[in-house]
Amino acid sequence: MSAAAHRAGTAVAAALAAATAVEFLHLAPAAVRLPPLRRTLARRTAGHGTAPAHIALTFDDGPDPRGTPYVLDALDDLGARATFFLLGEMLERAPALGRELVARGHEVAVHGWYHRTQPYPAPVRDLRELRRATEAVAGLCGARPQWYRPPYGVLTAGPALAARRLGLRSVLWTAWGRDWTARATGESVYATARPGLTAGATLLLHDSDRTSAPGSWRATLAALPLIAAHCRAHGLALGPLRDHGVPPGRR
């Protein structure tokens, strides 16, 4: 092989390696969805808190006039507060409900503008969409958000970097209730979540059926008293991420 051919082959190999590295950078963070890797590689992103005997209660996909008001009333009855990860498109349709979340003592956070993932990196697009959602939450709710949770829990490089640039801390979850399915009931949501209801956990639930089975928020509603009773029995407090001992994003 000539020297020129060797150099050309080396350049091609380097280019392929660089392309592979970029693709891995984009796709690898999505693995934090998986519990084994979350425990070992992304403990901070998963939302593990350090506040004693505290569980972060979080809701995704709202605000939704069909489900959110019922969830708010249930939380008032239980004396609990939560963090709501809002979609920009939903908040735009129900801005008064976004303001009510804050007025009733809850924390608002960012879930994106649309509930979708992007298959390929596009830093400008990712920053533009996340900024739009962040500004909507801050402007319409009257409270600046500190947290970002990507749709489906797929935290790829573009949104992760955009969130960091906007001063948002990316937070996923350590427990869920599978409350988005058509067959979910209050008992099934509680039974699914129960093993993960330990100090430092972040619980994912939904106050909207925007991307779930129609009416599935009713299962969440039915599960809330069961979850709260479990926490009381084990000396655990339910509350928002701001009280969870997780450092917020950089400003």
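The analysis underlying the following values was restricted to heavy atoms, covering all of them including side chains, and did not include hydrogens, waters or symmetry mates.
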Please tell me whether Tyr152 and His115 form a close aromatic pair, meaning their ring centres lie under 6.0 Å apart.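 Judged by ring-centre distance (under 6.0 Å), Tyr152 and His115 do meet the cut-off.
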Trp217-Tyr70 aromatic ring centre distance below 6.0 Å: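 Close enough - the centres of the two rings lie under 6.0 Å apart.
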Side chains of [X] and [Y] in contact at under 4.5 Å (non-hydrogen atoms):
{"X": "Leu86", "Y": "Asp60", "result": "no"}
{"X": "Arg81", "Y": "Asp76", "result": "yes"}
{"X": "Leu75", "Y": "Val71", "result": "yes"}
{"X": "Ile55", "Y": "Cys231", "result": "yes"}

Can you list the steps and then say if Val246 with Trp147 is a side-chain contact (heavy atoms from CB on, under 4.5 Å)? CA-CA 10 Å; Val246 177; Trp147 319 100; 3.9 Å; yes
What's the shortest heavy-atom distance between [X] and [Y], and which atoms?
{"X": "Ala223", "Y": "Gly186", "result": "CB-O, 3.5 Å"}
{"X": "Pro63", "Y": "Gly98", "result": "CG-N, 4.4 Å"}
{"X": "Gly177", "Y": "Thr192", "result": "O-CB, 3.8 Å"}
{"X": "Leu238", "Y": "Ala228", "result": "CD1-CA, 4.0 Å"}

Looking just at side-chain N and O atoms, do [X] and [Y] make a donor-acceptor pair shorter than 3.5 Å?
{"X": "Thr211", "Y": "Asp61", "result": "yes"}
{"X": "Asp179", "Y": "His206", "result": "yes"}
{"X": "Arg149", "Y": "Thr58", "result": "yes"}

Taking Ser208 for the side chain and Gly62 for the main chain, is one N or O donor matched with an acceptor at less than 3.5 Å?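 No, Ser208 side chain to Gly62 backbone: no donor-acceptor pair under 3.5 Å.
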Measuring from atom CG of Asp209 to atom CZ of Arg66, what distance do you get when rounded to the nearest 0.5 angstrom?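 CZ of Arg66 is found 4.0 Å from CG of Asp209.
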Rounded to the nearest 0.5 Å, what separates atom CG in Leu130 from atom CZ in Arg165?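 Separation between the atoms: 11.5 Å.
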His234: side chain to side chain contact (heavy atoms under 4.5 Å, CB included) partners, not counting sequence neighbours: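 Once residues adjacent in sequence are excluded, the partners of His234 under the side chain to side chain contact (heavy atoms under 4.5 Å, CB included) criterion are His230, Leu236.
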Using the rule that two of Ile, Leu, Val, Met, Phe, Trp, Tyr join whenever any of their side-chain heavy atoms come within less than 4.5 Å, decide whether Tyr148 and Leu87 are in one cluster.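 Tyr148 and Leu87: separate clusters.
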Under the salt bridge (charged side-chain N to carboxylate O under 4.0 Å, His left out) criterion, do Asp64 and Arg210 qualify, and how do the steps go? CA-CA 8 Å; Asp64 189 334; Arg210 170 65 180 81; over 6 Å; no
Looking at residues at least two apart in the chain, or sitting in another chain, which of them share a ring-ring contact (aromatic ring centres under 6.0 Å, His included) with Tyr114?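 In terms of ring-ring contact (aromatic ring centres under 6.0 Å, His included), with neighbours along the sequence ignored, Tyr114 is linked to no residue.
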Taking salt bridge (Lys or Arg N to Asp or Glu O under 4.0 Å) as the definition, give me every residue that meets it alongside Glu100, ordered by chain and number, with sequence neighbours left out.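 So Glu100 forms a salt bridge (Lys or Arg N to Asp or Glu O under 4.0 Å) with Arg104.
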